[in-house]
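For reference, the structure discussed in these notes is given below.
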Amino acid sequence: MKLPDFTDQIADYLQQQEIPDAIEAAIILGSGLGGFADEIKNPQAIPYGNIPGMPVSSVKGHAGELIFGTVSGKNIMAFSGRFHHYEGFSFEQAATPVYIAKSLGANKLIVSNAAGGINTSFSVGDLMVIEGIIRNNLAISPRGNTKHRYLHHQWVDEVRQLAANLGLVTQQGTYIFSTGPNYETKSEIRAFRKMGADAVGMSTAPELFEAARLELKSVAISLISNMAAGVTGEKLDHDEVKAAADSRKEDFAKLVKELVAKL
Ligand code: 6GU
């Protein structure tokens, strides 16, 4: 299956490093969820900046790194730091972690993000298992349409069951992709709710689109870090996102470890 040319250079470099040869799962860590890296045993971190061909983040100090290691006894790779379209990356560049995962033979993908809650029954700090995506102007790839499902519905149920077994209550819903960089207006959020969206964010859709095309089995989880515009009377602020992520990071880590172990 065709990967963008820039992927070859990245994969070649990574193959030259001493990385495990059978990688079971790739994990993309969302905003505020990078602390999951501490859960990785025998971590081998490679800064994105060291990887030839890797897109370079414009935001200094947030360059990110790719970490190889084990979680629940299985070889995984985790991307701490992703490529958002609103930072100036193409949708294809935004899907870079997926191409790398595919070229290194991982066939499972766990994607996470921080998202704004649209569903009025959600609360800040909720974990939402994504069951559907509204792409909202996402024009990713000249490589054709995917014939494959974005998310395996069976997995959504399984993920929620595994979470429940750990004593974690989860939500389930549709994620709508917003190009950003600005947060939405109240009117947009009202419209998104009518379209059937439960949460909104600026990532994840490019990655899931390409993961489906490349036939990776994907699970995606949103941490509701704040409610979207107009849902409560409160203003959106970045510190809130961080505080919500901090308050759920242990539960998030427990859940991801369980998913790596059991899926
Ligand atoms: Cl309210 N909107 C978008 N686009 N992304 C978000 C968000 C809202 N909250 C967290 N991430």
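Quick note: residue numbers are just sequence positions, from 1. Note that ligands are numbered from 1 as they come in the structure, with each ligand's atoms numbered from 1 the same way.
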Looking only at heavy atoms, is any part of A115 under 4.0 Å from ligand 1, and if so is it the side chain, the backbone, or both, or is it neither?
-> backbone
Nearest protein heavy atom with distance in Å, relative to atom 5 (N) of ligand 1 | G201 CA, 3.5 Å
Side-chain donor/acceptor of S72 to backbone N/O of K257, under 3.5 Å = yes
So which heavy atom on A245 is nearest to which on L33, and how close?
-> CB-CD2, 4.5 Å
G180 touching ligand 1 at heavy-atom level, < 4.0 angstrom | no
Who's the nearest protein heavy-atom neighbour of atom 2 (N) of ligand 1, and how far?
-> E184 OE1, 2.8 Å
Is the closest side-chain donor-acceptor distance between S178 and E184 under 3.5 Å?
-> yes
Using a strict cut-off of 4.0 Å, indicate which atoms of ligand 1 neighbour a heavy atom of A228.
-> 1 (Cl)
Taking the side chain from E188 and the backbone from T185, do they hold a donor-acceptor pair closer than 3.5 Å?
-> yes
Spacing of L168 atom CG and E258 atom CD [to the nearest 0.5 Å] = 9.5 Å
Going by the atom numbers of ligand 1, which of them fall below 4.0 Å from some non-hydrogen atom of M202?
-> 3 (C), 4 (N), 5 (N)
Qualifying residue, where the test is side-chain contact (heavy atoms from CB on, under 4.5 Å) with M128 and the options are D198, N113, T170 | D198
List the closest protein heavy-atom neighbour of atom 11 (N) of ligand 1: residue, atom name, distance to the nearest 0.1 Å.
-> A114 O, 3.5 Å
Are the aromatic rings of F83 and Y48 close, with centres under 6.0 Å apart?
-> yes
Hey, is ligand 1 close enough to G116 that some N/O pair sits below 3.5 Å?
-> yes
S225 heavy atoms, cut-off 4.0 Å: which ligand 1 atoms fall inside?
-> 10 (C)
From Q172, R160, Q171, residue fulfilling side chain to side chain donor-acceptor pair (under 3.5 Å) relative to E131 | Q172
Protein residue, atom and distance nearest to atom 1 (Cl) of ligand 1, heavy-atom basis = N226 ND2, 3.5 Å
Run the numbers for me: atoms of ligand 1, each under 4.0 Å from some heavy atom of V200, listed by number.
-> 2 (N), 3 (C), 4 (N), 5 (N), 6 (C), 7 (C), 8 (C)
